[in-house]
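Naming: A, B, ... by sequence-line order, numbering from 1 per chain.
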Protein chains: 2
Amino acid sequence: MRRKLTLKQIAKEMDVSISTVSKALRDSPDIGLDTREKIQAFAKLYNYKPNNIALSLKNRKTKNIGVIIPEIVHHFFTTVVSGVEKVANKRGYNVIVCLSNESFDREVINMEMLASGSIDGFIMSLSKETQQKKDFHHLREAINQGMPLVMFDRVAEEIYCDKVVIDDAQGTYRAVNHLIDTGCKRIALITTTDYVSVGKLRTEGYLNALRDAGMEIDENLIVKIEDTRECDEQIEELFESQTFDAVFGVNEIYAVTAMREAQIRGFKIPEDISVIGFTDGILSKNSFPRMSTINQHGTQMGAIAADMLINKLESVDEDEYYRTEVVKSTLTERESTKKKS
Amino acid sequence: MRRKLTLKQIAKEMDVSISTVSKALRDSPDIGLDTREKIQAFAKLYNYKPNNIALSLKNRKTKNIGVIIPEIVHHFFTTVVSGVEKVANKRGYNVIVCLSNESFDREVINMEMLASGSIDGFIMSLSKETQQKKDFHHLREAINQGMPLVMFDRVAEEIYCDKVVIDDAQGTYRAVNHLIDTGCKRIALITTTDYVSVGKLRTEGYLNALRDAGMEIDENLIVKIEDTRECDEQIEELFESQTFDAVFGVNEIYAVTAMREAQIRGFKIPEDISVIGFTDGILSKNSFPRMSTINQHGTQMGAIAADMLINKLESVDEDEYYRTEVVKSTLTERESTKKKS
DNA sequence: CTGAAAGCGCTTACAG
DNA sequence: CTGAAAGCGCTTACAG
């Protein structure tokens with residue numbers, strides 16, 4: 001096992017000073033052409049790679065960006081990470097992914113860990129618990145330390161920073177409208193509790209769509225799920241106690257679960273019951289029938305977030321000007337919705 | 001924006017030397033109790049956190065581990081990462097995730113980037129392209145530099161390092177046997193091309209199961225998919241040209257696609273056609289009917305990989321002894337298979 | 001054209 | 001009990 005080659009070793013080997021080697025490798029005109037070439041050849045031969053850690057310490061920047069997401073086993077977040085990766089890599093940055101597992105404490109710990117020198121800036125989406133507690137001191141601290149932060153999807157209004165979100169309310173509005181246009185009369189909503197920011201917005205979109213269409217709002221058709229692990233029972237109960245001809249699910253799992261529950265009870269989709277879910281992921285594409293969805297464009301959100309962050313990192317002037325970019329969702333019609341005849 | 005606090009600043013503030021501050025903060029008995037307490041109080045008050053980068057440079061270890069996976073938008077890899085995260089965090093390590101996007105070049109670039117000081121060791125699964133090319137120089141290089149490496153799932157026999165795999169052939173064998181026990185006579189196989197190591201092993205398991213049961217092997221029932229994006233057409237063609245009463249899919253997507261194709265053609269599952277998939281992910285749990293699968297225990301694989309790596313990192317003696325841990329897959333029976341009457 | 005020195009933020013063996 | 005010095009691997013302003 002040979003240790004990694006350092007400038008010092010090269011210097012010794014070639015009998016010059018460390019500074020000369022350093023400059024030669026950066027192709028500085030300071031150094032005579034022939035020494036430069038000799039050193040470069042040597043470095044290449046022995047596959048010299050500068051030590052990132054030393055560079056980070058010297059330059060006070062790491063070229064790493066930290067991403068904190070609530071869960072990685074969740075298709076949407078995964079698409080966002082892949083968008084971040086793509087542009088980060090292209091612009092010469094590495095991505096460090098940490099998971100909060102929906103826990104406030106883990107979120108704080110991860111942020112502190114990363115903030116202690118490992119990264120140049122954050123991209124993150126809040127954990128459920130953080131949204132519930134409304135305790136954002138760790139975000140403030142990061143910002144105060146001069147660490148740029150961009151939030152996506154689950155954001156906090158209270159924090160001033162760049163953000164990228166989707167038109168949750170409007171997207172839902174359009175989807176519910178699509179159901180109405182298609183002839184549905186009683187539209188059930190399966191959503192999250194209100195403290196999840198996006199759940200709340202989507203619920204609003206649903207309510208507005210019904211109101212604008214002059215349809216009555218039946219609270220019995222709205223089920224708010226606290227814990228996804230219990231969504232099966234709550235959805236079963238909805239089917240047990242109510243009748244309706246359409247379901248809007250605030251995420252894939254809810255929508256697909258509703259679809260299965262309907263099929264178990266012998267309903268035909270979309271003839272008897274139409275279904276739309278928010279977030280276009282693998283479940284929607286691979287369900288039977290394939291499910292109509294609101295496409296959340298996670299990769300694009302990630303790409304935008306990364307660009308925003310890197311732009312801020314590389315901008316010279318320190319403007320305290322924050323943007324929030326809203327990505328437009330789109331409706332993908334597949335087989336779970338159809339004009340009722 | 002206040003800059004991060006450093007030892008130097010504390011030293012100046014408190015009118016002592018940097019070394020004294022350093023030692024006081026590590027609670028060294030070298031330093032007088034009262035100075036120690038005073039310094040600690042000050043550090044706490046101003047929320048001092050040592051700079052990770054400086055520590056890394058000094059200690060020649062980063063407490064970061066690098067994970068390279070082919071794709072993040074893939075449930076199995078995602079579960080592995082979450083397993084790695086869990087034990088890494090518990091043992092005081094951070095996780096840097098990079099994606100190869102199934103590309104050899106990206107894999108090499110990412111490895112070189114990470115190997116230049118950012119991490120202490122690798123956990124990785126090979127990209128398809130790498131498996132095809134059989135070019136593993138970048139792995140050798142990492143190992144030669146003294147960078148421990150543990151491979152999982154898509155591993156290379158040619159490389160000597162710790163590995164964690166699943167009993168691909170045996171797991172498939174058991175699953176196909178389950179289909180046979182259950183009364184299936186003609187079992188189709190949807191698999192990948194042979195250069196994908198796990199695909200090949202699973203195909204072997206299938207062949208062995210049929211042979212051991214004295215059943216004839218019909219090449220027409222075996223479809224090898226090169227590119228997942230084209231799996232729809234190839235599976236459609238299988239249904240078009242052949243008759244069979246069971247399908248084994250080498251991954252979730254293939255199995256679930258087969259299931260949908262069957263349902264479109266009016267087959268009942270499992271009455272007319274039984275289906276099993278390898279890898280127990282969200283698709284299987286949320287399909288209709290819920291799909292029987294071979295559970296690949298990704299989280300556990302990730303946890304084992306992380307433990308192996310960290311053990312190696314923290315062991316004093318440099319034994320050149322490599323283990324390959326094989327995780328036992330388990331069959332989860334759900335609704336897509338049933339004893340034929 | 002080349003090199004010695006200072007410094008990024010930390011630790012630790014060694015003097016005093 | 002406290003501090004000056006050397007060093008981790010690099011860069012860069014400054015002498016010569």
Can you check the [X] [atom1] to [N] [atom2] distance for me, whole Å?
X     : N     : atom1 : atom2 : value
A/D34 : C/dC1 : CG    : P     : 9 Å
A/Q9  : D/dG9 : CD    : C1'   : 11 Å
B/D15 : D/dG3 : CG    : C1'   : 13 Å
A/L57 : C/dG9 : CG    : P     : 7 Å

Using distance only, find each side-chain donor-acceptor pair of residues 149-157 of chain B under 3.5 Å and give its atom names and separation, not counting sequence neighbours.
residue : atom : partner : partner atom : Å
B/D153  : OD1  : B/Q296  : NE2          : 3.1
B/R154  : NE   : B/L126  : O            : 3.0
B/R154  : NH2  : B/E102  : OE1          : 2.5
B/R154  : NH2  : B/E102  : OE2          : 3.1
B/R154  : NH2  : B/L126  : O            : 3.1

Where the side chain of A/S17 is defined as all heavy atoms beyond and including C-beta, which of D/dG3, C/dA4, D/dC8 is the nearest nucleotide?
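Nearest to the side chain of A/S17 among the choices is C/dA4.
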Can you give the dot-bracket line for DNA chain C, using ( ) for pairs inside the strand, [ ] for pairs that cross earlier ones, | for pairs with another strand and . for unpaired bases, where Watson-Crick and G-U count if both distances are under 3.5 Å?
|||.||||||||.|||
Salt bridge B/E158-B/K134, side-chain N to carboxylate O under 4.0 Å
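Looking at B/E158 and B/K134, the cut-off is met.
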Taking A/E314 first and then A/R91, would you say they form a salt bridge - that is, a charged N and a carboxylate O separated by under 4.0 Å?
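Counted as a salt bridge, because a side-chain N and a carboxylate O are separated by less than 4.0 Å.
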Sequence neighbours excluded - ring pair (Phe, Tyr, Trp, His ring centres under 6.0 Å) pairs with any residue from residues 68-110 of chain B
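Only B/H74-B/F77, B/F104-B/H138 qualify under ring pair (Phe, Tyr, Trp, His ring centres under 6.0 Å).
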Is the shortest heavy-atom distance from the side chain of [X] to the side chain of [Y] under 4.5 Å?
X      : Y      : answer
B/I123 : B/I65  : yes
B/M14  : B/T35  : no
A/L139 : A/M124 : yes

Strictly under 3.5 Å: I want the nitrogen or oxygen pairs between protein and nucleotides 10-14 of chain C, one per line.
residue : atom : partner : partner atom : Å
C/dC10  : OP1  : B/Y48   : OH           : 2.6
C/dC10  : OP1  : B/N51   : N            : 3.1
C/dC10  : OP2  : B/L7    : N            : 2.6
C/dT11  : OP1  : B/R26   : NE           : 3.2
C/dT11  : OP2  : B/S22   : OG           : 2.6
C/dT11  : O2   : B/K58   : NZ           : 3.3
C/dA13  : N6   : B/K23   : NZ           : 3.4

Looking at [N], I'd like to know if its phosphate oxygens (OP1 or OP2) sit under 4.0 Å from a side-chain N or O belonging to [X].
X     : N     : value
B/R60 : D/dG9 : yes
A/T20 : C/dG3 : yes
A/T35 : C/dT2 : yes

Using the test ring-ring contact (aromatic ring centres under 6.0 Å, His included), find all partners of A/F42 that sit at least two apart in sequence or belong to another chain.
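Applying ring-ring contact (aromatic ring centres under 6.0 Å, His included) to A/F42 gives A/Y46.
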Using the P atom as the reference point in each nucleotide, state the distance between D/dC10 and C/dC1 in Å, no decimals.
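Each nucleotide's P atom is 25 Å from the other's.
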Pairwise P distance for C/dT2 and D/dG9, with rounding to whole Å
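Result for the P pair: 25 Å, nearest Å.
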Need to verify one output field. Residue with the more 5' nearest nucleotide on DNA chain D, A/I53 or B/R36?
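Looking at DNA chain D, the more 5' nearest nucleotide goes with B/R36.
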Using the side chain to side chain contact (heavy atoms under 4.5 Å, CB included) criterion, which residues pair with B/I53? Sequence neighbours excluded.
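Applying side chain to side chain contact (heavy atoms under 4.5 Å, CB included) to B/I53 gives A/I53, A/S56, A/L57, A/T62, B/N51.
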